[in-house]
Amino acid sequence: MTTHDMNASASGLPAEEPRDTAALLINDAGQYLLHLRDANKPIRCPGTWALPGGHAEPGESCDEAIARELLEETGLSVPGLRPFSVVERVDGSGTVTDRVLVYLGTWNGAAHEIDLREGIQLRWTDAAETAHMTMDPGTLAVIHEHRLRGPARNRDGVRPAVVRLREPRSATERNIIGGHLYLERDGTVLLGKRHPDSAYAPSTWHVPAGHCELEPVRRCVVREVAEETGIVVAEEDLTLVHTVHLLDPVSPVPRMQLFFRPSRWRGEPRLLEPDRCLEWRWWPLDALPEPLVHYTRAALGAIARGETYSQLGWPT
């Protein structure tokens with residue numbers, strides 16, 4: 001996409017920031033309206049499933065641009081569109097190369113009856129189906145953001161969340177290391193419900209975890225668990241039981257998520273960081289809560305099966 005300067009709009013975003021626009025349209029069944037882009041044109045992400053939309057013309061606001069683009073591409077006029085998120089693409093040097101303002105709206109109708117005037121096809125898609133489709137990374141990230149945050153990100157006065165996608169810098173890429181505690185007791189596992197204002201996975205259940213600082217990963221787990229729950233474990237009592245190599249569309253870099261099981265521990269979970277976690281609870285392994293961080297759910301299932309490694313989000 002090519003970006004253009006545009007006037008300030010109801011989004012509350014600065015006029016000097018150039019942005020393209022896109023529409024995340026959802027029906028009452030919770031499906032997303034996706035657009036298959038042309039495969040043989042000099043456009044961004046050709047041949048992928050993406051969101052309908054396009055760039056603003058000179059002097060046009062974002063609100064005006066998305067309404068016009070939807071009408072031109074699909075013949076649709078969708079009332080009540082509101083800014084939901086801003087997708088920023090970042091190159092290897094950290095420079096933002098493209099911004100897309102994504103609007104959220106509701107529309108119910110048959111996709112095959114739309115008079116499509118650009119691209120190949122429109123279809124209603126369940127979020128789970130995207131794992132088997134050739135997806136535009138920005139679209140995948142926006143769907144992930146919507147599933148995490150839901151309509152709360154669409155209220156009046158709530159600024160659009162910024163989702164950053166970094167273009168690959170080279171064939172060699174650093175990975176963030178995450179340390180996680182798999183704490184099982186009598187067929188239950190300890191999970192915490194993350195705060196609604198958390199930058200990652202708000203209002204979502206997760207095991208005690210954190211990013212490694214300048215420290216070995218076992219030491220990271222010991223530190224994070226003590227800070228978050230007050231539970232005391234020793235490094236020498238931790239055994240690595242599962243590794244998830246994660247390429248998450250909402251993260252600029254890959255991540256190695258390591259899950260450790262303690263042979264023993266002291267204490268009961270306490271709420272020591274209420275600005276980050278709302279509660280700790282023991283959940284039966286056969287009745288895990290929703291929503292649960294997606295890679296955590298995958299790891300818990302793999303641990304139950306005795307599997308020590310999995311990978312998520314990587315192209316097949």
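Heavy-atom basis, side chains included; hydrogens, waters and symmetry copies ignored. Numbering of residues begins at 1 and proceeds along the displayed sequence. All values reported here derive from a predicted model rather than from experimental measurement.
- For the atom pair Thr125 OG1 and Gln31 CD, the distance stands at 7.5 Å (nearest 0.5 Å).
- When the side chain to side chain contact (heavy atoms under 4.5 Å, CB included) test is applied to Arg281, the partners found at least two apart in sequence or on another chain are Trp205, Glu279, Trp283.
- Scored by the side chain to side chain donor-acceptor pair (under 3.5 Å) test, Glu215 finds Arg223 as partners (sequence neighbours excluded).
- Side-chain contact between Asp63 and Tyr103 is present, with at least one heavy-atom pair separated by less than 4.5 Å.
- Residue pairs meeting the side chain to side chain donor-acceptor pair (under 3.5 Å) criterion with at least one partner in residues 295-309, sequence neighbours excluded, are His180-Tyr295, His206-Tyr295, His206-Thr296, Gln257-Tyr295, Glu290-Arg297, Arg305-Glu307, Tyr309-Gln311.
- Rounded to the nearest 0.5 angstrom, Arg255 CZ and Leu246 CG are separated by 7.5 Å.
- Remark: Arg276 does not engage Glu228 in a salt bridge, criterion side-chain N to carboxylate O under 4.0 Å.
- Considering every non-hydrogen atom in both Thr204 and Leu292, the closest pair reads CG2-C, 3.6 Å.
- In this structure, Tyr182 and His242 have side chains that are not in contact, with every pair of non-hydrogen atoms separated by 4.5 Å or more.
- For the atom pair His195 NE2 and Asp275 CG, the distance stands at 7.0 Å (nearest 0.5 Å).
- Heavy atoms only, all atoms of each residue included: Leu25 and Trp124 are closest at O-CZ3, 3.6 Å.
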Could you pull out every donor-acceptor pair under 3.5 Å between side chains of residues 112-119 and any protein atom, sequence neighbours left out?
residue, atom, partner, partner atom, Å
Asp115, OD2, Arg117, NE, 3.4
Arg117, NH1, Leu71, O, 3.0

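- Taking the side chain as every heavy atom from C-beta outward, Pro52 and Leu70 approach each other to under 4.5 Å.
- Cluster partners of Trp282 are Ile177, Leu181, Leu183, Leu190, Val217, Val221, Val222, Val225, Ile231, Val233, Leu238, Leu240, Met256, Leu258, Phe260, Trp265, Leu271, Trp280, counting Ile, Leu, Val, Met, Phe, Trp and Tyr whose side-chain heavy atoms approach within less than 4.5 Å, directly or via other members.
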Given the rule in the side chain to side chain contact (heavy atoms under 4.5 Å, CB included) test, do Arg68 and Glu57 qualify, once you have shown the distances and angles that lead to the verdict? CA-CA 10 Å; Arg68 175 184 53 77; Glu57 297 177 351; 3.6 Å; yes

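- Between the CG atom of Leu76 and the CD atom of Glu69 there is a distance of 13.0 Å, given to the nearest 0.5 Å.
- Two residues are said to be in side-chain contact when any heavy atoms from C-beta on lie closer than 4.5 Å; Thr48 and Met135 fail this criterion.
- In this structure the side chain of Ile303 reaches within 4.5 angstrom of the side chain of Arg261, judged on heavy atoms.
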Where do Tyr32 and Glu129 land on the side chain to side chain contact (heavy atoms under 4.5 Å, CB included) test, with the steps shown first? CA-CA 10 Å; Tyr32 301 93; Glu129 294 180 281; over 6 Å; no

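- Within the 4.5 Å cutoff, no side-chain heavy atoms of Asn27 are placed close to those of Leu33.
- Taken to the nearest 0.5 Å, the OG1 atom of Thr188 stands 7.0 Å off from the CG atom of Leu285.
- Of all heavy-atom pairs spanning Gly59 and Glu64, the tightest one is O-OE1, 4.3 Å.
- Contacts of Thr139 classified as side chain to side chain donor-acceptor pair (under 3.5 Å), with partners at least two apart in sequence or in another chain: Asp136.
- Counting heavy atoms from C-beta outward, Ile143 and Leu34 have side chains that approach closer than 4.5 Å.
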